[in-house]
Asker: 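The structure is given below, and queries will be raised subsequently.
Order of the sequence lines fixes the chain letters, A, B, ..., with proteins taken first and strands second; residue numbering starts at 1 for each chain.
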Protein chains: 2
Amino acid sequence: MAHGTQTDAPVTLQRRQTRIQQKNVRLILDAALEVFSRHGFGGSTLEQIGKAAGLSTPNMLYYFPSKDAIHRELLFDLLDVWLDPLRTLDADGEPLDEILSYACRKLEMSRDLPRESRLFANEIIQGAPRIMDAIEGPLRELVDEKAAIILGWVEEGRIAPVNPWHLIFSIWSLTQHYADFEVQVRAILSGREDDPLIEAKRHITALLTRMLTLPDSARPQETVIPPRMTPDCWDGSSSLHNRR
Amino acid sequence: MAHGTQTDAPVTLQRRQTRIQQKNVRLILDAALEVFSRHGFGGSTLEQIGKAAGLSTPNMLYYFPSKDAIHRELLFDLLDVWLDPLRTLDADGEPLDEILSYACRKLEMSRDLPRESRLFANEIIQGAPRIMDAIEGPLRELVDEKAAIILGWVEEGRIAPVNPWHLIFSIWSLTQHYADFEVQVRAILSGREDDPLIEAKRHITALLTRMLTLPDSARPQETVIPPRMTPDCWDGSSSLHNRR
DNA sequence: ATAATGTTTGACCGTTTGGTCAGGAACACG
DNA sequence: CGTGTTCCTGACCAAACGGTCAAACATTAT
């Protein structure tokens, strides 16, 4: 062996995936997500992650070169998932439906991917040291693109005037709050609401609807306004399944 | 000396405050707030805090018995400040004004006390291990009390129907977002808005107003509705001064 | 001045941390 | 079956961690 005794670790990309590799990498990432999302990067130890994954510390370092590498992989895997709902916001759709659907999908993610939400929150709170590039680049571009669409709707008089960027921030904060601050929400609502997320959906839908619906006087009169139906995502079933 | 060589450390309560004590305790707490709020408890080290405070590690431990004690003191000092705005929500006030004022004060706090906001966020994200009692007790009671007031306003037909608890969550999330996710907000808005918080105030005010204002048909007709003025907190000056 | 008190430091300690490594165990495959 | 590869572990390491302590240094009051 020319360059080291230990067989070359299966680096992130060049992966001849063995079954065992697949299983353990998944185990590690899942455990790391659990631990990192609760304690932050600095507050987490490989021992904790190993315990959660059922693997020894050196064994984990056989699959990943370092603690940092695990964290980075989690974060970059997450970025795609995280921005996906916004990508689907369609300029050709009915404005209010599009925005409500988006909020709804984000709220679903708070229900189904709370750990991912907390991981992201931790990263941003700490100043986004590892994903600032992605935020200043792709994320910003995506937001600008969709904000332009919403601005177009405003100018066409199809929704009430609103700052599109801050509208997007509002949707982010309103929805992610139920994942990131879950223990607070549950502590306050315990005994009052069994599933806060159901009521949260009603609340956020109403909030956005009232905010974006034009007053009667300004509404276009061409057609009778149909009673606004909330987009029926999440009523009964969902496609996301990542709960622990 | 009966119980130890080192002079009794100035424990949190029994404080014969020397000038030096006052100065250094303040220095330590301020530095600790900076560090803890960015890296979380586990991710922070006494060395970091010491560097920020300009004090050596053992010297800090002369004023506080442990890293944990510093963190606890910060957290409990914060709790009072944090809940104060909600306490001032007045059942006898004009409903919309009261709620807008509350949101406004919370937004002010995001501007003036971002580190405190992040410290709190960190604690909740991590499952509130140190302040769960305060959340299940005093916080919950305060929220219930104020939610009852809001519910009363709804039943009197003075604001549009709304779930008061989720309304409070909404205000928390909408406002704290600008402190906790500040780097993201700035990264997205940089070059577009110099001071995001100004536009944020407009946005949140409009959002809450549209959400809580009754439709024309339902509005009580006794008096002419005066043009709604936003409560003029924060327009020009503020009482909070804790920026770094 | 001087004694008593309050403050700061450098050296130190035990533990935990991320990470290495040689070698053994389990596996795949001809 | 045997042999090459993949996987796993126990022992180990250096650095960093929270914290202690005796002694030196300031400060204050008398």
Asker: To the nearest Å, give me how far apart OH (B:Y63) and C1' (D:dT20) are.
Answerer: 17 Å
Asker: Which one, D:dC8, C:dG6, C:dT8, comes nearest to the side chain of A:N24?
Answerer: D:dC8
Asker: Atom CG of B:L61 to atom P of D:dC17: distance rounded to whole Å?
Answerer: 14 Å
Asker: Given ring-ring contact (aromatic ring centres under 6.0 Å, His included), test A:H71 with A:F76 step by step and report yes or no.
Answerer: CA-CA 9 Å; A:H71 189 250; A:F76 283 102; 9.7 Å; no
Asker: Taking only side-chain N and O atoms of A:T18, does any of them lie within less than 4.0 angstrom of OP1 or OP2 on D:dC7?
Answerer: yes
Asker: Got a donor-acceptor contact below 3.5 angstrom from the A:R140 side chain to the B:A187 backbone?
Answerer: yes
Asker: Report yes if at least one side-chain N or O of B:S56 is closer than 4.0 Å to OP1 or OP2 of C:dT9; otherwise report no.
Answerer: yes
Asker: Assess, by modelled atom type and distance only, whether the side chains of B:N163 and A:E193 contain a donor and an acceptor separated by less than 3.5 Å.
Answerer: yes
Asker: Please pick, from D:dT9, D:dC7, C:dG6, the nucleotide with the shortest atom-to-atom distance to any side-chain atom of B:Q21.
Answerer: C:dG6
Asker: Taking only side-chain nitrogens and oxygens of B:R19, does any of them come within less than 4.0 Å of OP1 or OP2 of D:dT28?
Answerer: yes
Asker: Between B:W172 and B:F169, what is the ring plane arrangement, given parallel below 30°, perpendicular above 60°, and tilted in between?
Answerer: tilted
Asker: Just the rounded figure in Å: distance from P of C:dA26 to NZ of A:K23.
Answerer: 14 Å
Asker: Please determine, for the side chain of A:I20, which listed nucleotide (D:dC7, C:dG19, C:dT7) has the closest atom?
Answerer: D:dC7
Asker: Can you measure B:D68 atom CG to D:dG18 atom C1' for me and round it to whole angstrom units?
Answerer: 11 Å
Asker: Rounded to whole angstrom units, what separation is found between the CZ atom of B:F64 and the P atom of C:dT8?
Answerer: 13 Å
Asker: Give a yes/no on whether any side-chain N or O of B:T45 is located under 4.0 angstrom from OP1 or OP2 of D:dA16.
Answerer: no
Asker: Think A:Y62 has a side-chain N or O under 4.0 angstrom from the OP1 or OP2 of C:dC21?
Answerer: no
Asker: Is a side-chain donor or acceptor of A:K67 paired with a backbone partner of A:S44 at a separation under 3.5 angstrom?
Answerer: yes
Asker: Output all residues satisfying side chain to side chain donor-acceptor pair (under 3.5 Å) with B:D180, sequence neighbours left out; order by chain, then residue number.
Answerer: B:S117
Asker: Between P on C:dA26 and CG on A:N59, what's the gap in Å once rounded to a whole number?
Answerer: 14 Å
Asker: Would you kindly give the CD1-to-C1' distance between A:I70 and C:dG19, to the nearest whole Å?
Answerer: 12 Å
Asker: Using a 4.0 Å cut-off on heavy atoms, which residues in residues 46-54 of chain B reach DNA chain D? List them by number, or say none.
Answerer: B:L46, B:E47
Asker: Rounded to whole angstroms, how far apart are NZ on B:K67 and P on C:dT15?
Answerer: 18 Å
Asker: Salt-bridged, B:D77 to B:R72, with N to O below 4.0 Å?
Answerer: no
Asker: Which of these nucleotides, C:dT8, D:dA11, C:dG10, is closest to any side-chain atom of B:P58?
Answerer: C:dG10
Asker: Any base atoms under 4.0 Å from B:T57, or only sugar-phosphate, or nothing? Heavy atoms, all strands.
Answerer: nothing
Asker: Just by distance, do the side chain of A:R38 and the backbone of B:I125 share a donor-acceptor pair under 3.5 Å?
Answerer: yes
